[in-house]
Amino acid sequence: MAAQRHVFIYGLDDFHRQQLATIAGSQRLGFHQLLEHDEAIHPERFPVDEMLAKSERILDAFGPGADAVCTYWDFPTSALVPILRERRNLAGAGLDAVLRLEHKYWARLEQQAVVPGLIPAFDCVDPFADDPAASLQLDFPFWLKPIKAHSSYLGFRIHNRQAFRRAIDRIREGIHQFGEPFDEVMAKVRAPAPIEGIGGYHCIAEGIISAGRQCTLEGFVHHGQVQVYGVVDSIRGGRHRSSFQRYQYPSRLPRRVQARMIDAARRVMAQTGYDNAPFNMEFFWHRDADTIALLEVNARCSKSHSPLFHMVDGASHLQVMVNLGLGDAPDFPHRQGGFPMAAKFMLRVFRPGQVTRVPDAADIARLKARFPEALLKVQVERGQDLSDLRFQDSYSYELAELFLGGRNRQDLLQRYGIACEMLGFEVDHSAAAA
């Protein structure tokens, strides 16, 4: 029998341990937490060098048997992983290649070199300049967001100068949350001349490309070969259609459109030098014009899609992350799950308020009895003021995540409606106005 191999994963929790148990060969793998969830994912601040030092101590204490370091979370763990891999000679993409994907301005320059027709006009903005708008060449409207953040944090649709000034004020107040740690990371690479001095306290302004249907390619690069193994639809709603309502797999986009996106993904990944690691890449398809546009690339697999792949394909796609982390070629199943379609629903409200009811154990038990495949992650507590939630998009508040399987889109939506009634979240919006 082969010796057990050990995989260290940032912020590993019980929910994702269950997903890891679905992958091939999981019984021969040891999964270990690398920093606790609250240290790695949602601390008050992200002290990069301290996080790296503690990570090194954990790995050193384990000894020479640490075979892989992985993450399915956003920054800063997406940057910590390549640093540790390079220091310890483990398999995976290096920090320079990761930053060419995740530094929003650097990424656009790389994309401009190989898929110029798929990206919007863009410009760099210093929010702390005396006149941040002075050098802007873009016409209204456009999106303004930090060079590095996640979950649409501090992302604003700008339609006039007054909105720009309001957004700049908000960004100045909150950009340090990711700006400071991102600058710590940037100090560890030699950025090319066009990127010098453009770091975590800068923003990118981009033309609007979000009018079409959005999807995400889940894929990987192994020895220079790009493979896309799934396409997930991202359905948005709310003001400016900027808030995710659900992720739905498999995609309903035409195959010919998906093929064009996959071709673009191959060009972008080759340009950046990213290799031996997973990625996901977000696109829009404008149906009337039959054009595609590239939104962004993430140097990791999406944790949000993990149960969807399990329900449809028969295993969590964390299998791809683990295989590559161990230096192996992924061998991922296809359509071997229990459902033809699956979705992650984000239960949201679009006004501030106070949570007055969340599901109790009996509610959740009834949900599981009705829908055995259902997975629920409640993000709020009774009595919580929604304005205290961290890392929300600029226009909504997320109450919970709900994963469901179904026969088709209509069946999924019907099951979701029933589930929402069973869960019975309640929010008092008048409390916010008081």
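The structure displayed is predicted, hence computed values, not measured ones.
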State the [atom1]-[atom2] distance between [X] and [Y], to the nearest 0.5 angstrom.
| X | Y | atom1 | atom2 | result |
| --- | --- | --- | --- | --- |
| Y397 | L389 | OH | CG | 8.5 Å |
| I195 | L109 | CD1 | CG | 4.5 Å |
| C203 | W143 | SG | CH2 | 13.5 Å |
| K104 | I198 | NZ | CD1 | 15.0 Å |
| Q18 | H310 | CD | NE2 | 10.5 Å |
| S302 | K344 | OG | NZ | 7.0 Å |

- [ ] State yes or no: are the ring centers of F279 and F220 separated by less than 6.0 Å?
- [x]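 No, the ring centres sit 6.0 Å or more apart.
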Task: Ring-ring centroid check H32 F62, cutoff 6.0 Å - done: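 Yes, ring centres under 6.0 Å apart.
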So, using salt bridge (Lys or Arg N to Asp or Glu O under 4.0 Å) as the criterion, who are the partners of [X] when residues are at least two apart?
| X | answer |
| --- | --- |
| R260 | D290 |
| R357 | D363 |
| K54 | E39 |

Open item on the list: Which heavy atom of G207 sits nearest to which heavy atom of P120, and what is that distance?
Closed with: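 Smallest interatomic distance, heavy atoms only, reads O-CB, 3.5 Å.
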Task: I209 to L294 - nearest heavy-atom pair and separation - done: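 Looking at all heavy atoms of both residues, the shortest contact is CD1-O, 3.7 Å.
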Task: From F15, Y247, F345, F371, residue fulfilling ring-ring contact (aromatic ring centres under 6.0 Å, His included) relative to F403 - done: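 So the option named by the test is F15.
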Any side-chain donor-acceptor pair under 3.5 Å between [X] and [Y]?
| X | Y | result |
| --- | --- | --- |
| T216 | N280 | no |
| S78 | E102 | yes |
| S306 | S316 | yes |

- [ ] In sequence, state the C-alpha distance, the side-chain angles, and the governing distance for S55 and L35, and then conclude on side-chain contact (heavy atoms from CB on, under 4.5 Å).
- [x] CA-CA 7 Å; S55 301; L35 301 188; 3.9 Å; yes
Determine whether [X] and [Y] make a side-chain contact, defined as any pair of heavy atoms from C-beta on separated by less than 4.5 Å.
| X | Y | value |
| --- | --- | --- |
| R415 | E373 | yes |
| L84 | L90 | no |
| F244 | Q214 | yes |
| R246 | L413 | yes |
| P127 | R170 | no |
| R87 | L52 | yes |
| E218 | C301 | yes |
| Q354 | Q384 | no |

Holding to side chain to side chain donor-acceptor pair (under 3.5 Å), I want the full list of residues that pass it with [X], two or more places apart in sequence or in another chain.
| X | value |
| --- | --- |
| D263 | R267 |
| D183 | none |
| W73 | none |
| T291 | none |

- [ ] Run the numbers on M261 and L253 for side-chain contact (heavy atoms from CB on, under 4.5 Å), then give the verdict.
- [x] CA-CA 11 Å; M261 294 175 177; L253 292 181; 3.9 Å; yes
Open item on the list: Show every ring-ring contact (aromatic ring centres under 6.0 Å, His included) that has at least one partner inside residues 74-100, sequence neighbours left out.
Closed with: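 Sorted pair list: F75-F182.
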Open item on the list: Strictly below 4.0 Å, N to O, side chains only: are K303 and D74 in salt-bridge contact?
Closed with: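 Answer for the salt bridge query: no.
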Task: Chi angles and distances behind the salt bridge (charged side-chain N to carboxylate O under 4.0 Å, His left out) call for R100, D96 - done: CA-CA 6 Å; R100 289 172 186 269; D96 182 272; 2.6 Å; yes
Do any pairs count as a salt bridge (charged side-chain N to carboxylate O under 4.0 Å, His left out) and have a residue in [range], sequence neighbours left out, and if so which ones?
| range | result |
| --- | --- |
| residues 197-207 | R108-E206, K145-E206 |
| residues 185-198 | D49-K188 |
| residues 317-338 | R5-D328, D313-R335 |

- [ ] Please confirm whether R300 makes a cation-pi placement over Y72, using NZ or CZ under 6.0 Å from the six-membered ring centre and within 45° of the ring normal.
- [x]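 Cation-pi check for R300 and Y72: fails.
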Open item on the list: Is the ring pair F284/H286 parallel, tilted or perpendicular, if the boundaries are 30 and 60 degrees?
Closed with: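 Answer is tilted, since the angle falls between 30° and 60°.
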TODO: Indicate the ring-plane relationship of F142 and F164, choosing parallel, tilted or perpendicular according to the 30° and 60° boundaries.
DONE: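 Ring orientation of F142 relative to F164: perpendicular.
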Open item on the list: Set out, in order, the CA-CA distance, both residues' side-chain angles and the distance that settles side-chain contact (heavy atoms from CB on, under 4.5 Å) for D123 and I204, then state yes or no.
Closed with: CA-CA 6 Å; D123 206 347; I204 187 170; over 6 Å; no
Open item on the list: Exactly one of R266, Q271, M269 should register a side chain to side chain contact (heavy atoms under 4.5 Å, CB included) with V114. Which one does?
Closed with: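 Going through R266, Q271, M269 one by one, the side chain to side chain contact (heavy atoms under 4.5 Å, CB included) with V114 is satisfied by Q271 alone.
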- [ ] List in chain and number order the residues that pass side-chain contact (heavy atoms from CB on, under 4.5 Å) with N276, two or more places apart in sequence or in another chain; answer none if no residue qualifies.
- [x]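 If we apply the side-chain contact (heavy atoms from CB on, under 4.5 Å) test to N276, skipping adjacent residues, the hits are H222, H223.
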- [ ] Assess whether atom CD of Q225 is packed by more than 12 heavy atoms of other residues, nucleotides or ligands within 6.0 Å.
- [x]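 No, CD of Q225 has 12 or fewer neighbouring heavy atoms, counting only those of other groups under 6.0 Å.
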Open item on the list: With a 6.0 Å cut-off (strictly less than), is the heavy-atom count around CZ of R172, excluding the residue itself, greater than 12?
Closed with: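 Yes.
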Task: Intermediate values then yes/no, side-chain contact (heavy atoms from CB on, under 4.5 Å), L80 and T71 - done: CA-CA 9 Å; L80 301 183; T71 189; over 6 Å; no
